[in-house]
Amino acid sequence: MRQKWGMIATWRMASEGVTLGSEILKNGGKCQDALEEAVKFVEDYPFYKSVGYGGLPNEECEVELDAAFMDGKTLSIGAVASIKDYKNPISIARKLSKDRYNIFLVGAGAESYAHKNGFVRQNMLTERARKTWELRVKEIQEKNLSPYDGHDTVCMIALDEERDMAVATSTSGLFMKKKGRVGDSPVSGSGFYVDNEIGGAAATGLGEDIMKGCLSYEVVQRMKKGEHPMEAAQNAVSEFSEVLKKRRGKAGEISIVAMNNKGEWGIGTNVEFTFCVGTESENPKVYIATPDED
Ligand code: SD4
């Protein structure tokens with residue numbers, strides 16, 4: 001059934017945001033506003049440890065954040081990467097999406113843009129995140145572990161009553177990442193993509209592998225060829241995971257959410273994955289998917 005409005009998001013942590021965004025969409029609000037409010041909620045919540053305030057730090061114990069915003073009508077994109085000490089990276093990314101040039105800013109450049117445009121400065125490192133970092137440093141030294149762990153990006157796609165679509169992503173990226181490391185989340189076509197005439201997709205998981213397949217663009221192109229979002233996301237993830245296994249010996253964790261411009265949705269994943277959906281005919285709900293069931 002064609003939905004008047006809809007929203008899909010990665011991970012259980014998006015559930016309050018999706019509830020908030022769904023209310024906005026249900027009341028005739030715009031997809032861009034619904035997404036910004038929903039992602040801001042997740043960014044501001046200190047216990048979601050991979051997004052915004054309370055996000056997990058890099059190996060130098062600094063919280064460097066990545067975020068992006070894309071408008072499906074104009075195909076406008078705005079993104080920031082490795083930005084420190086600003087409260088809502090998603091709002092900065094959305095503002096950048098309205099510019100013609102210089103739409104993807106990193107590090108000090110992104111911070112200077114945020115400062116000039118009056119965005120709120122805030123130390124994003126919480127005591128809790130610092131303690132998690134300390135424990136992890138010890139664990140890595142004692143057990144000779146890989147530093148990369150504990151990564152969950154919030155990605156959301158929304159469709160509104162005017163049949164406009166948008167997508168937003170926000171993350172602290174991989175826990176213990178190198179300073180300046182940028183994942184897929186702010187990279188168009190890899191971490192996200194949306195086109196009003198087709199639909200949108202967004203990814204979470206190991207950015208280094210998601211970028212190898214430009215997977216969000218791939219899912220949107222599959223939908224363009226007529227695949228249902230479920231088929232498109234499942235096929236893209238499973239086929240590319242196989243490619244990675246064949247060519248590199250293993251595939252990183254990859255999960256994708258997708259929604260077309262009728263409000264039909266789907267996901268593809270190669271790990272256990274939680275996600276949230278709210279549409280005209282479905283109250284906001286959290287789902288759990290496993291690779292075998294999806
Ligand atoms: C990254 N894709 O920075 C992000 C992290 C993530 O679930 O989504 N993890 O690579």
Side-chain angles (χ1 to χ4, degrees), residues 9-14 42 48-52 55-59 63-68 79-82 89 106 129 132-133 136 139-140 143-157 167-193 201-220 232-258 266-275 288-292 294:
T10 54
W11 305 113
R12 185 190 299 280
M13 68 177 160
V42 184
Y48 294 146
K49 57 188 177 155
S50 47
V51 178
L56 287 174
N58 65 14
E59 63 176 18
V63 182
E64 288 187 327
L65 302 172
D66 297 343
V80 289
S82 293
V106 304
T132 308
W133 179 87
R136 188 67 181 169
E139 231 177 26
I140 290 169
K143 300 186 195 152
N144 199 19
L145 294 175
S146 145
Y148 302 116
D149 192 12
H151 45 84
D152 294 342
T153 296
V154 70
C155 304
M156 300 194 186
I157 308 165
V167 59
T169 64
S170 184
T171 187
S172 55
L174 297 186
F175 182 26
M176 296 301 234
K177 64 187 180 184
K178 292 222 174 301
K179 184 179 173 73
R181 178 260 185 196
V182 177
D184 60 305
S185 309
V187 177
S188 164
S190 287
F192 65 93
Y193 198 77
T204 175
L206 184 65
E208 281 72 4
D209 278 0
I210 294 165
M211 287 192 276
K212 292 181 178 87
C214 299
L215 286 177
S216 294
Y217 190 72
E218 166 72 13
V219 169
V220 173
Q234 282 180 359
N235 289 346
V237 174
S238 62
E239 285 176 25
F240 196 64
S241 300
E242 283 312 307
V243 169
L244 289 171
K245 280 183 206 150
K246 211 161 126 200
R247 308 261 289 266
R248 302 177 56 83
K250 62 178 176 189
E253 297 184 357
I254 301 175
S255 307
I256 302 229
V257 289
I267 66 107
T269 187
N270 64 10
V271 284
E272 189 171 298
F273 171 57
T274 55
F275 62 100
I288 302 182
T290 59
D292 292 333
D294 70 20

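This is a predicted model, so every value here is computed, not measured. Side chains are part of it too, since the values below use all heavy atoms of this structure and drop only hydrogens, waters and symmetry mates.
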**Q** Applying side chain to side chain donor-acceptor pair (under 3.5 Å), name anything that partners Thr169, two or more places apart in sequence or on another chain.
**A**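 In terms of side chain to side chain donor-acceptor pair (under 3.5 Å), with neighbours along the sequence ignored, Thr169 is linked to no residue.
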**Q** Holding to side chain to side chain donor-acceptor pair (under 3.5 Å), I want the full list of residues that pass it with Thr274, two or more places apart in sequence or in another chain.
**A**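 Side chain to side chain donor-acceptor pair (under 3.5 Å) check on Thr274 returns nothing, list empty.
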**Q** Looking at every heavy atom in both Cys155 and Ala203, which two are closest together, and how far apart are they?
**A**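 For Cys155 versus Ala203, the nearest heavy atoms are SG-O, 3.1 Å.
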**Q** Nearest 0.5 Å please: distance from the OG1 atom of Thr204 over to the CD1 atom of Ile256.
**A**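 Reported to 0.5 Å precision, the distance equals 9.5 Å.
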**Q** Supply the atom-to-atom distance Lys177 NZ to Ser172 OG, rounded to the nearest 0.5 angstrom.
**A**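 Going from the NZ atom of Lys177 to the OG atom of Ser172 covers 6.0 Å.
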**Q** Could you give the distance from OG (Ser188) to OH (Tyr193), rounded to the nearest 0.5 Å?
**A**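 Separation between the atoms: 6.0 Å.
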**Q** Looking at every non-hydrogen atom in both residues, tell me the closest pair between Gln234 and Ile267 and how far apart they are.
**A**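 Taking every non-hydrogen atom into account, CG-O, 3.3 Å.
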**Q** Main chain of Gly180, side chain of Glu64: is a donor-acceptor contact present, judged purely on distance under 3.5 Å?
**A**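 Such a contact is found between Glu64 side chain and Gly180 backbone.
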**Q** Would Glu59 and Lys178 count as a side-chain contact (heavy atoms from CB on, under 4.5 Å) if you check the C-alpha gap in whole Å, the side-chain angles of each, and the deciding distance to 0.1 Å?
**A** CA-CA 6 Å; Glu59 63 176 18; Lys178 292 222 174 301; 3.5 Å; yes
**Q** Tell me every residue that passes salt bridge (charged side-chain N to carboxylate O under 4.0 Å, His left out) with Glu208, counting only those two or more places apart in sequence or in another chain.
**A**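 Only Arg181 meet the salt bridge (charged side-chain N to carboxylate O under 4.0 Å, His left out) criterion with Glu208.
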**Q** Might you point out which heavy atoms bring Thr171 and Ser185 nearest each other, and give the distance in Å?
**A**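 Looks like CG2-OG, 3.4 Å.
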**Q** Under a 3.5 Å distance rule, please check whether Trp133 uses its side chain to pair with a backbone N or O of Phe175 as donor and acceptor.
**A**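 Side chain of Trp133 to backbone of Phe175: no pair is present.
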**Q** Residues in ring pair (Phe, Tyr, Trp, His ring centres under 6.0 Å) with Phe273, at least two apart?
**A**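 Result, ring pair (Phe, Tyr, Trp, His ring centres under 6.0 Å) vs Phe273: Trp11, Phe275.
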**Q** In chain order, what residues pass the side-chain contact (heavy atoms from CB on, under 4.5 Å) check against Ala232, with sequence neighbours excluded?
**A**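 Counting only residues at least two positions away or on another chain, Ala232 forms a side-chain contact (heavy atoms from CB on, under 4.5 Å) with Val219, Arg222, Met223, Glu227.
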**Q** Ignoring hydrogens and angles, write down the donor-acceptor pairs under 3.5 Å from the side chains of residues 242-251, residues two or more places apart or on other chains.
**A**
residue, atom, partner, partner atom, Å
Glu242, OE2, Lys245, NZ, 3.4

**Q** Using every non-hydrogen atom in the two residues, find where Ala202 and Ser216 come nearest and quote the distance to one decimal.
**A**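 Looks like CA-OG, 3.5 Å.
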**Q** The criterion is side-chain contact (heavy atoms from CB on, under 4.5 Å); which residues satisfy it with Ser170, sequence neighbours excluded?
**A**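 Applying side-chain contact (heavy atoms from CB on, under 4.5 Å) to Ser170 gives Val39, Glu43, Val51, Ala67, Val154.
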**Q** Go through the structure and list residues passing side chain to side chain donor-acceptor pair (under 3.5 Å) with Ser255, not counting sequence neighbours.
**A**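 Checked Ser255 against side chain to side chain donor-acceptor pair (under 3.5 Å); matches are Thr269.
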**Q** Any donor and acceptor pair, going by atom type alone, linking the side chain of Asp184 with main-chain N or O of Ile210 inside 3.5 Å?
**A**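 Not confirmed, Asp184 side chain does not pair with Ile210 backbone.
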**Q** Can you name the closest pair of heavy atoms from Pro89 and Leu65 and give their distance?
**A**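 Result for this residue pair: CG-CD1, 3.6 Å.
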**Q** Checking Ser238 now: which residues fulfil side-chain contact (heavy atoms from CB on, under 4.5 Å) with it, not counting sequence neighbours?
**A**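 Partners of Ser238 under the side-chain contact (heavy atoms from CB on, under 4.5 Å) test: none.
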**Q** Side-chain contact, heavy-atom cut-off 4.5 Å: Leu174 with Leu206?
**A**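 Leu174 vs Leu206: side chains touch.
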**Q** Tell me every residue that passes ring pair (Phe, Tyr, Trp, His ring centres under 6.0 Å) with Phe240, counting only those two or more places apart in sequence or in another chain.
**A**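 Applying ring pair (Phe, Tyr, Trp, His ring centres under 6.0 Å) to Phe240 gives none.
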**Q** Please give me the minimum heavy-atom distance between Ala9 and Met156, naming the atom from each residue.
**A**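 Heavy atoms of Ala9 and Met156 come nearest at CB-CG, 3.5 Å.
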**Q** Going by the rule side-chain contact (heavy atoms from CB on, under 4.5 Å), which residues pair with Ala81 if we only count those two or more places apart in sequence or in a different chain?
**A**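 Expected list: Asp66, Phe104, Val106, Val182, Pro186.
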